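Quick note: numbers below take in every heavy atom, side chains included, and nothing from hydrogens, waters or symmetry partners. Just so you know, ligand 1 is whichever comes first in the structure, and atom 1 is the first atom listed for that ligand. Keep in mind it's a predicted model, so treat the numbers as computed, not measured.
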Amino acid sequence: MSEKPILSVSHLKTYFDVTKGLFSKKQIVKAVDDVSFDIMPNETFGLVGESGCGKTTLGRTIVKLYEPTGGSITFEGQDIAKIKGAELKAYRKNMQMIFQDPYASLNPRMTVGEIIKEPMIIHNIYDTDAEREARVVELLKIVGLKPDHIRRYPAEFSGGQRQRIGIARALAVDPKFIVCDEPISALDVSIQAQVVNLLKNIQKELGLSYLFIAHDLSMVKHISDRIGVMYLGHMVEMGPGNDVYHRPLHPYTTALLSAIPIPDPDVAKAKSRIILEGEIPSPINPPAGCPFCTRCQKATERCHREMPQPIQVGTRMVACHLYER
Ligand code: SF4
(Lines give C-alpha, C1' and ligand atoms only; values in the text may rest on other atoms or scores of the structure.)
Protein backbone atom coordinates (compact mmCIF):
# COMPACT_ATOMS: atom_id res chain seq x y z
CA MET A 1 0.00 0.00 0.00
CA SER A 2 1.31 3.45 -0.91
CA GLU A 3 2.00 5.85 1.96
CA LYS A 4 -0.20 8.69 0.76
CA PRO A 5 -3.99 8.48 0.94
CA ILE A 6 -5.91 8.72 -2.33
CA LEU A 7 -8.73 10.49 -0.46
CA SER A 8 -8.54 12.62 2.68
CA VAL A 9 -11.66 13.98 4.31
CA SER A 10 -10.95 16.54 7.02
CA HIS A 11 -13.50 18.11 9.40
CA LEU A 12 -16.15 17.76 6.69
CA LYS A 13 -19.55 19.32 7.31
CA THR A 14 -22.65 19.06 5.14
CA TYR A 15 -25.58 21.05 6.50
CA PHE A 16 -29.00 21.67 4.91
CA ASP A 17 -31.20 24.66 5.65
CA VAL A 18 -34.74 23.27 6.07
CA THR A 19 -36.35 26.43 7.47
CA LYS A 20 -40.01 26.38 6.32
CA GLY A 21 -41.26 29.98 6.15
CA LEU A 22 -39.58 33.36 5.80
CA PHE A 23 -40.32 34.29 9.40
CA SER A 24 -39.83 30.83 10.95
CA LYS A 25 -37.00 29.92 13.25
CA LYS A 26 -33.94 28.81 11.27
CA GLN A 27 -33.67 25.03 11.11
CA ILE A 28 -30.42 23.42 10.02
CA VAL A 29 -29.98 19.67 9.45
CA LYS A 30 -26.40 18.76 10.33
CA ALA A 31 -26.26 15.63 8.17
CA VAL A 32 -22.46 15.36 8.31
CA ASP A 33 -20.79 17.14 11.21
CA ASP A 34 -17.01 17.35 11.53
CA VAL A 35 -16.03 14.00 9.97
CA SER A 36 -12.39 13.14 9.18
CA PHE A 37 -10.82 10.02 7.65
CA ASP A 38 -8.35 8.88 4.96
CA ILE A 39 -8.66 6.15 2.33
CA MET A 40 -5.50 4.60 0.88
CA PRO A 41 -5.03 3.40 -2.74
CA ASN A 42 -6.53 -0.10 -3.26
CA GLU A 43 -8.25 0.12 0.09
CA THR A 44 -11.93 -0.46 0.90
CA PHE A 45 -13.24 1.74 3.67
CA GLY A 46 -16.61 0.51 4.95
CA LEU A 47 -19.03 3.05 6.39
CA VAL A 48 -21.89 1.79 8.56
CA GLY A 49 -24.72 3.18 10.63
CA GLU A 50 -28.51 3.21 10.80
CA SER A 51 -30.64 5.02 8.21
CA GLY A 52 -30.39 8.76 8.76
CA CYS A 53 -26.89 8.69 10.27
CA GLY A 54 -25.45 10.74 7.39
CA LYS A 55 -23.47 8.05 5.58
CA THR A 56 -25.19 8.53 2.20
CA THR A 57 -24.90 12.33 2.48
CA LEU A 58 -21.19 11.88 3.21
CA GLY A 59 -20.78 9.68 0.08
CA ARG A 60 -22.70 12.18 -2.06
CA THR A 61 -20.63 15.08 -0.74
CA ILE A 62 -17.44 13.22 -1.67
CA VAL A 63 -18.64 12.74 -5.27
CA LYS A 64 -19.77 16.38 -5.26
CA LEU A 65 -23.48 15.75 -5.65
CA TYR A 66 -23.78 17.93 -2.53
CA GLU A 67 -21.66 20.97 -1.75
CA PRO A 68 -19.80 20.71 1.55
CA THR A 69 -20.63 23.38 4.14
CA GLY A 70 -17.15 23.23 5.66
CA GLY A 71 -13.94 21.23 5.91
CA SER A 72 -11.93 19.79 3.04
CA ILE A 73 -11.93 16.82 0.66
CA THR A 74 -8.54 16.08 -0.90
CA PHE A 75 -8.28 13.64 -3.81
CA GLU A 76 -4.77 12.71 -4.97
CA GLY A 77 -3.43 15.84 -3.27
CA GLN A 78 -5.99 18.25 -4.82
CA ASP A 79 -8.58 20.01 -2.64
CA ILE A 80 -11.82 19.36 -4.50
CA ALA A 81 -14.25 21.07 -2.12
CA LYS A 82 -14.57 24.17 -4.32
CA ILE A 83 -13.72 22.85 -7.82
CA LYS A 84 -16.05 23.61 -10.73
CA GLY A 85 -16.21 23.28 -14.56
CA ALA A 86 -13.44 21.29 -16.27
CA GLU A 87 -11.76 20.41 -12.95
CA LEU A 88 -15.00 18.98 -11.61
CA LYS A 89 -15.52 16.99 -14.83
CA ALA A 90 -12.01 15.53 -14.53
CA TYR A 91 -12.67 14.68 -10.87
CA ARG A 92 -15.97 12.95 -11.75
CA LYS A 93 -14.13 10.74 -14.24
CA ASN A 94 -11.91 9.43 -11.45
CA MET A 95 -14.62 9.33 -8.80
CA GLN A 96 -17.66 7.24 -9.74
CA MET A 97 -20.68 6.10 -7.75
CA ILE A 98 -22.76 2.92 -7.64
CA PHE A 99 -26.27 3.66 -6.39
CA GLN A 100 -28.44 1.77 -3.95
CA ASP A 101 -31.48 1.19 -6.11
CA PRO A 102 -30.66 -0.73 -9.29
CA TYR A 103 -34.26 -0.19 -10.47
CA ALA A 104 -34.34 3.62 -10.18
CA SER A 105 -30.73 4.32 -11.18
CA LEU A 106 -30.97 2.96 -14.76
CA ASN A 107 -32.95 4.83 -17.44
CA PRO A 108 -35.68 2.37 -18.52
CA ARG A 109 -35.79 3.88 -22.05
CA MET A 110 -32.12 3.26 -22.79
CA THR A 111 -30.56 -0.06 -23.78
CA VAL A 112 -27.79 -1.51 -21.63
CA GLY A 113 -25.30 -0.50 -24.32
CA GLU A 114 -26.53 3.11 -24.34
CA ILE A 115 -26.45 3.27 -20.51
CA ILE A 116 -22.83 2.09 -20.32
CA LYS A 117 -21.72 4.19 -23.30
CA GLU A 118 -23.22 7.43 -21.94
CA PRO A 119 -20.38 8.27 -19.47
CA MET A 120 -17.80 7.47 -22.19
CA ILE A 121 -19.48 10.05 -24.46
CA ILE A 122 -19.68 12.66 -21.66
CA HIS A 123 -15.97 12.24 -20.92
CA ASN A 124 -14.85 11.92 -24.60
CA ILE A 125 -13.10 8.64 -23.91
CA TYR A 126 -13.23 7.03 -27.36
CA ASP A 127 -13.31 8.52 -30.88
CA THR A 128 -15.76 6.13 -32.51
CA ASP A 129 -18.93 4.31 -31.56
CA ALA A 130 -17.32 1.01 -32.60
CA GLU A 131 -14.59 1.53 -29.96
CA ARG A 132 -17.18 2.36 -27.33
CA GLU A 133 -19.24 -0.68 -28.29
CA ALA A 134 -16.19 -2.95 -28.00
CA ARG A 135 -15.48 -1.52 -24.53
CA VAL A 136 -19.13 -2.11 -23.48
CA VAL A 137 -18.79 -5.78 -24.48
CA GLU A 138 -15.58 -6.03 -22.42
CA LEU A 139 -17.26 -4.42 -19.42
CA LEU A 140 -20.29 -6.72 -19.67
CA LYS A 141 -17.92 -9.68 -19.48
CA ILE A 142 -16.06 -8.18 -16.49
CA VAL A 143 -19.32 -7.86 -14.52
CA GLY A 144 -20.53 -11.35 -15.46
CA LEU A 145 -23.11 -10.44 -18.12
CA LYS A 146 -23.28 -11.59 -21.73
CA PRO A 147 -22.24 -9.53 -24.79
CA ASP A 148 -25.73 -9.97 -26.31
CA HIS A 149 -27.24 -8.14 -23.30
CA ILE A 150 -26.06 -4.94 -24.95
CA ARG A 151 -29.31 -4.46 -26.91
CA ARG A 152 -31.67 -5.25 -24.04
CA TYR A 153 -33.48 -2.87 -21.67
CA PRO A 154 -33.14 -2.71 -17.85
CA ALA A 155 -36.66 -4.11 -17.32
CA GLU A 156 -35.50 -7.43 -18.81
CA PHE A 157 -33.03 -8.00 -15.94
CA SER A 158 -33.19 -9.11 -12.29
CA GLY A 159 -32.10 -6.79 -9.44
CA GLY A 160 -28.67 -8.42 -9.21
CA GLN A 161 -28.13 -8.15 -12.99
CA ARG A 162 -29.20 -4.48 -12.93
CA GLN A 163 -26.66 -3.79 -10.20
CA ARG A 164 -24.04 -5.43 -12.43
CA ILE A 165 -25.07 -3.00 -15.21
CA GLY A 166 -24.65 -0.14 -12.69
CA ILE A 167 -21.16 -1.42 -11.88
CA ALA A 168 -20.27 -1.64 -15.60
CA ARG A 169 -21.48 1.96 -16.06
CA ALA A 170 -19.28 3.11 -13.15
CA LEU A 171 -16.27 1.29 -14.66
CA ALA A 172 -16.87 2.72 -18.15
CA VAL A 173 -14.66 5.78 -17.52
CA ASP A 174 -11.79 3.87 -15.84
CA PRO A 175 -12.21 5.52 -12.44
CA LYS A 176 -9.68 5.27 -9.61
CA PHE A 177 -12.25 5.46 -6.84
CA ILE A 178 -15.85 4.25 -6.48
CA VAL A 179 -18.35 5.28 -3.82
CA CYS A 180 -20.60 2.23 -3.42
CA ASP A 181 -23.78 3.61 -1.80
CA GLU A 182 -25.58 0.65 -0.24
CA PRO A 183 -25.12 -1.33 -3.47
CA ILE A 184 -26.55 -4.55 -2.01
CA SER A 185 -29.36 -3.31 0.27
CA ALA A 186 -32.08 -3.65 -2.38
CA LEU A 187 -30.97 -7.15 -3.43
CA ASP A 188 -32.02 -10.62 -2.24
CA VAL A 189 -29.69 -12.05 0.42
CA SER A 190 -28.64 -14.82 -1.97
CA ILE A 191 -27.47 -12.23 -4.54
CA GLN A 192 -25.76 -9.86 -2.08
CA ALA A 193 -22.65 -12.01 -1.61
CA GLN A 194 -22.28 -12.42 -5.40
CA VAL A 195 -22.25 -8.65 -5.93
CA VAL A 196 -19.82 -8.10 -3.02
CA ASN A 197 -17.48 -10.78 -4.40
CA LEU A 198 -17.70 -9.22 -7.87
CA LEU A 199 -16.71 -5.82 -6.42
CA LYS A 200 -13.80 -7.44 -4.56
CA ASN A 201 -12.54 -9.19 -7.72
CA ILE A 202 -12.82 -6.01 -9.80
CA GLN A 203 -10.90 -4.08 -7.14
CA LYS A 204 -8.09 -6.65 -7.20
CA GLU A 205 -7.91 -6.61 -10.99
CA LEU A 206 -8.16 -2.86 -11.55
CA GLY A 207 -6.52 -1.53 -8.36
CA LEU A 208 -9.53 0.57 -7.31
CA SER A 209 -10.29 2.19 -3.97
CA TYR A 210 -13.80 1.96 -2.50
CA LEU A 211 -15.92 3.78 0.00
CA PHE A 212 -18.48 1.05 0.74
CA ILE A 213 -21.61 2.34 2.47
CA ALA A 214 -24.03 -0.10 4.12
CA HIS A 215 -26.09 -0.66 7.23
CA ASP A 216 -25.19 -4.37 7.50
CA LEU A 217 -21.96 -4.61 9.51
CA SER A 218 -21.38 -8.29 8.66
CA MET A 219 -21.37 -7.59 4.90
CA VAL A 220 -19.21 -4.47 5.37
CA LYS A 221 -16.71 -6.53 7.35
CA HIS A 222 -16.51 -9.05 4.50
CA ILE A 223 -15.36 -6.44 1.97
CA SER A 224 -13.64 -3.71 4.07
CA ASP A 225 -10.03 -3.25 5.16
CA ARG A 226 -11.13 -0.60 7.63
CA ILE A 227 -14.54 0.32 8.99
CA GLY A 228 -15.98 3.64 10.16
CA VAL A 229 -19.17 3.76 12.25
CA MET A 230 -21.38 6.85 11.93
CA TYR A 231 -24.05 8.10 14.27
CA LEU A 232 -26.07 11.29 13.85
CA GLY A 233 -23.58 12.87 11.45
CA HIS A 234 -20.49 11.97 13.51
CA MET A 235 -17.84 9.28 13.12
CA VAL A 236 -17.93 7.49 16.48
CA GLU A 237 -15.48 4.64 15.85
CA MET A 238 -13.00 3.80 13.12
CA GLY A 239 -10.32 1.13 12.73
CA PRO A 240 -9.25 -2.11 11.04
CA GLY A 241 -12.30 -4.18 9.97
CA ASN A 242 -11.48 -7.22 12.13
CA ASP A 243 -10.88 -5.14 15.26
CA VAL A 244 -14.08 -3.13 14.92
CA TYR A 245 -16.13 -6.25 14.13
CA HIS A 246 -14.69 -8.59 16.78
CA ARG A 247 -13.74 -6.13 19.54
CA PRO A 248 -15.98 -3.06 19.24
CA LEU A 249 -15.17 -0.19 21.61
CA HIS A 250 -17.97 2.34 21.17
CA PRO A 251 -21.29 1.39 22.83
CA TYR A 252 -23.10 2.13 19.54
CA THR A 253 -20.87 -0.26 17.55
CA THR A 254 -21.46 -2.91 20.24
CA ALA A 255 -25.22 -2.43 19.92
CA LEU A 256 -25.09 -2.59 16.09
CA LEU A 257 -23.11 -5.85 16.27
CA SER A 258 -25.40 -7.44 18.81
CA ALA A 259 -28.33 -6.82 16.44
CA ILE A 260 -26.81 -9.04 13.71
CA PRO A 261 -28.87 -12.27 13.50
CA ILE A 262 -26.95 -15.48 14.30
CA PRO A 263 -28.03 -18.56 12.31
CA ASP A 264 -27.25 -21.06 15.14
CA PRO A 265 -30.10 -20.82 17.75
CA ASP A 266 -27.88 -22.17 20.60
CA VAL A 267 -25.17 -19.59 19.96
CA ALA A 268 -27.83 -16.90 19.56
CA LYS A 269 -29.40 -17.88 22.92
CA ALA A 270 -26.03 -17.69 24.71
CA LYS A 271 -25.29 -14.27 23.28
CA SER A 272 -26.64 -11.25 25.16
CA ARG A 273 -28.40 -8.82 22.84
CA ILE A 274 -28.38 -5.09 23.35
CA ILE A 275 -31.66 -3.63 22.22
CA LEU A 276 -31.26 -0.13 20.83
CA GLU A 277 -34.23 1.73 22.29
CA GLY A 278 -35.95 4.50 20.33
CA GLU A 279 -35.15 6.17 17.06
CA ILE A 280 -32.04 8.01 16.01
CA PRO A 281 -32.67 11.64 17.21
CA SER A 282 -33.40 14.37 14.66
CA PRO A 283 -30.26 15.95 13.22
CA ILE A 284 -32.15 19.29 13.39
CA ASN A 285 -32.12 19.23 17.19
CA PRO A 286 -29.31 16.88 18.13
CA PRO A 287 -28.91 16.20 21.86
CA ALA A 288 -26.40 18.28 23.79
CA GLY A 289 -23.22 16.38 24.68
CA CYS A 290 -22.60 12.95 23.13
CA PRO A 291 -24.85 12.36 20.08
CA PHE A 292 -25.55 8.80 21.35
CA CYS A 293 -26.44 9.81 24.95
CA THR A 294 -30.22 9.43 24.53
CA ARG A 295 -29.87 5.71 23.66
CA CYS A 296 -26.64 4.68 25.38
CA GLN A 297 -26.89 2.22 28.28
CA LYS A 298 -23.60 3.52 29.67
CA ALA A 299 -24.39 7.25 29.55
CA THR A 300 -23.43 9.32 32.57
CA GLU A 301 -24.40 12.86 33.52
CA ARG A 302 -21.24 14.12 31.75
CA CYS A 303 -22.32 12.46 28.48
CA HIS A 304 -25.44 14.66 28.42
CA ARG A 305 -23.49 17.91 28.55
CA GLU A 306 -20.05 17.28 27.00
CA MET A 307 -19.32 16.09 23.45
CA PRO A 308 -16.60 13.38 23.47
CA GLN A 309 -13.66 14.16 21.18
CA PRO A 310 -12.16 11.44 18.94
CA ILE A 311 -9.19 9.76 20.64
CA GLN A 312 -6.80 7.01 19.55
CA VAL A 313 -7.14 3.73 21.45
CA GLY A 314 -4.67 1.20 20.02
CA THR A 315 -5.54 0.72 16.34
CA ARG A 316 -8.85 2.52 16.81
CA MET A 317 -10.27 6.01 16.79
CA VAL A 318 -13.19 6.24 19.20
CA ALA A 319 -15.30 9.16 20.38
CA CYS A 320 -16.58 8.16 23.84
CA HIS A 321 -15.87 9.47 27.35
CA LEU A 322 -15.40 5.88 28.59
CA TYR A 323 -11.96 5.74 26.91
CA GLU A 324 -10.62 9.09 28.09
CA ARG A 325 -7.99 9.01 30.83
FE1 SF4 B 1 -22.31 6.43 25.79
FE2 SF4 B 1 -21.26 8.49 27.08
FE3 SF4 B 1 -19.73 7.04 25.48
FE4 SF4 B 1 -21.59 8.63 24.48
S5 SF4 B 1 -19.78 9.26 25.61
S6 SF4 B 1 -21.19 6.56 23.87
S7 SF4 B 1 -23.22 8.44 25.96
S8 SF4 B 1 -20.72 6.36 27.36
Practice prompt. Taking the six-membered ring for Trp and the full ring for Phe, Tyr or His, determine whether the centres of Tyr210 and Phe45 are under 6.0 Å apart.
Written response: no
May I ask you to identify the nearest protein heavy atom to [atom], giving residue, atom name and distance to one decimal place in Å?
atom	result
atom 4 (Fe) of ligand 1	Cys290 SG, 2.3 Å
atom 3 (Fe) of ligand 1	Cys320 SG, 2.3 Å
atom 1 (Fe) of ligand 1	Cys296 SG, 2.4 Å
atom 2 (Fe) of ligand 1	Cys303 SG, 2.3 Å
atom 5 (S) of ligand 1	His321 N, 3.3 Å

Worksheet entry | His250 and ligand 1 - part of the residue with a heavy-atom distance under 4.0 Å | side chain
Item to complete: Could you tell me whether Glu50 and Arg295 have a side-chain N and a carboxylate O separated by less than 4.0 Å?
Response: yes
Discussion item. With a 3.5 Å distance limit and no angle check, can you tell me whether Thr61 reaches the backbone of Thr57 through a side-chain donor-acceptor pair?
Written reply: yes
Worksheet entry | N/O donor-acceptor pair under 3.5 Å between Lys200 side chain and His222 backbone | yes
Worksheet item: Just wondering, more than 12 heavy atoms not from Lys89 lying within 6.0 Å of its NZ?
Response: yes
